[in-house]
Amino acid sequence: MASIIRVDQIAACEGQEVTVQGWVYNRTDKGKLVFLLVRDGSGFVQCVAFKGDLDAALFDRLVRLPQESSVIVTGPVRADKRAPGVPGGYEIGVKQIEIVQEAADDYPMALKEHGVDFALDHRHLWIRMPSQWAILRIRSTVIAAIREWFDTHGFINMDTPILTPAACEGTTTLFETPYFDEGLAYLAQSGQLYNEADIMAFGKVYCFGPTFRAEKSKTRRHLTEFWMVEPEIAFCDLDQLMEIEEQFVTHIVKRVLRERLPELKSLGRDITRLEKIEPPFPRISYDDAAKILQEAYDATDDPEKKELLKFEWGMDFGAPHETELTSRFDKPLLVYGYPTAVKAFYMEPWPGRPEVCKSVDLLAPEGYGEIIGGSERMSSHDLLLQRLHEHQLPEEAFKWYLDLRKYGSVPHSGFGMGVERTVAWLCGIEHIREAIAYPRTIKRVYP
RNA sequence: UCCUCGAUAGCUCAAUUCGGCAGAGCGGGCGGCUGUUAACCGCUAGGUUCCAGGUUCGAGUCCUGGUCGAGGAGCCA
């Protein structure tokens with residue numbers, strides 16, 4: 001009796017007779033030979049059936065077996081350089097094959113290029129294709145690495161609520177839902193404010209879950225539902241926060257390189273770009289970033305580029321600005337000290353410069369832009385109250401938040417990292433909708 | 001909300017600057033081949049050219065209005 005194996009273990013099974021359970025990804029028939037590329041979730045392996053080895057009727061069924069038919073294949077594993085697959089280089093000679101189900105012959109995802117809309121309409125099938133399969137396996141490792149780093153650095157995982165009473169940051173649009181007799185509840189856009197309460201109980205915490213933004217953003221960097229990890233640390237200032245960010249991001253990159261190299265390569269990712277990610281990351285102030293952008297503006301003669309790079313102190317960076325800044329470095333770039341006016345109400349002012357706050361964004365290389373936004377939080381009760389008023393936020397709703405500054409307030413900091421943007425950067429893909437299994441965008445809630 | 005671009009076979013796309021017979025590849029069906037790499041070769045079926053008007057002898061192509069989509073701005077991770 002051959003033992004059932006997973007394709008990712010196939011190298012260890014050379015010479016043995018094994019059984020693989022999976023789906024026919026591709027079929028090539030060549031007279032008396034049929035090549036079945038079978039995927040089993042862990043990899044792709046070529047299975048070779050020879051007419052002389054099998055019952056004539058069965059061989060005849062294999063010749064016309066539709067793509068995605070489910071099969072159980074048994075036979076010896078041979079090393080063969082010609083064999084395609086992931087990991088590849090090994091094939092199974094078919095001695096026995098059970099056709100669990102012969103798929104319908106109208107499988108929509110033919111092995112070819114597909115348009116975005118069609119592919120997304122068939123996302124439930126698209127994830128079977130090697131590129132999407134690789135991306136989602138990398139995503140899983142990114143998530144594991146995130147949890148691993150926090151769990152081994154003294155952080156407590158705190159799940160913050162998804163149904164919330166009001167805007168956490170008061171600015172962006174929220175999804176709303178009726179909530180019994182309490183009026184409206186809103187889907188969370190951040191767990192940060194709760195985390196600020198949590199650290200006063202646990203010191204270091206992180207929350208990790210889905211986040212919802214009802215903004216009508218239509219770009220390759222936006223989803224309406226995305227996953228965000230948000231650590232928060234008591235007794236931590238902006239400098240310490242930046243150190244944590246670079247250690248944390250480096251850990252994720254290293255683990256993905258260690259465990260998902262075949263997937264990265266199958267995506268055509270330039271691995272050398274990721275191998276350069278090591279602390280320390282370059283750090284520049286917003287003031288210096290503004291100067292760099294001014295120089296870049298002056299240096300170009302291209303009117304189109306000039307228009308894109310147009311910038312003056314006080315503005316937030318747009319995508320072209322982020323690309324210009326990060327193009328000067330091999331590593332993620334930390335930009336700190338943004339104007340208070342473009343950031344959230346809760347950020348600690350820069351000492352002696354109230355127009356600037358102790359915020360930091362981490363911009364990924366290669367034009368991927370902001371993947372982390374963080375700051376040192378305001379610790380003064382009275383200043384926070386003043387800010388709430390300035391932003392016209394209802395004091396009553398933030399009473400509990402103000403309490404945190406009454407009973408043992410300490411300097412503290414935290415950040416939020418977008419999982420899909422991080423995955424998109426690591427995978428080198430164009431659009432973050434491929435970095436989540438079932439993307440939600442302004443125009444899509446199906447499937 | 002604004003700007004730009006797009007919609008032709010199940011899918012990806014062609015269809016002469018400047019209107020003149022609706023095409024190919026993939027996928028499907030039938031046949032061939034013992035080493036294919038999205039195999040290849042032969043045959044075959046497959047169309048409300050997004051919708052509604054208009055101009056014209058004639059519209060996939062030009063005009064008007066609409067629908068749907070894309071990615072950029074704003075906002076953000």
Mate of C40(B) where both pairing distances stay under 3.5 Å, Watson-Crick or G-U: G32(B)
Cationic N near anionic O, under 4.0 Å, Lys343(A) to Asp361(A): yes
Most 5' of His114(A) and Asp80(A) on RNA chain B, judged by nearest nucleotide: His114(A)
Paired nucleotide for U49(B) [Watson-Crick or G-U wobble; both distances under 3.5 Å]: none
Glu68(A) and Arg128(A) ion-paired at < 4.0 Å: yes
Ionic contact status for Glu278(A) with Lys254(A), cut-off 4.0 Å: yes
Residue whose closest nucleotide on RNA chain B lies nearer the 5' end, His321(A) versus Gln46(A): Gln46(A)
G-U wobble or Watson-Crick pairing nucleotide for C68(B) (cut-off 3.5 Å, both distances): G6(B)
Identity of whatever pairs with U61(B) - Watson-Crick or G-U, under 3.5 angstrom: none
Partner nucleotide, any strand, of G27(B) [Watson-Crick/G-U, under 3.5 Å]: none
Who pairs with U1(B) - Watson-Crick or G-U, where each distance is under 3.5 Å: A73(B)
Aromatic ring pairing Tyr401(A)/Phe398(A), orientation class (parallel under 30°, perpendicular over 60°, tilted between): perpendicular
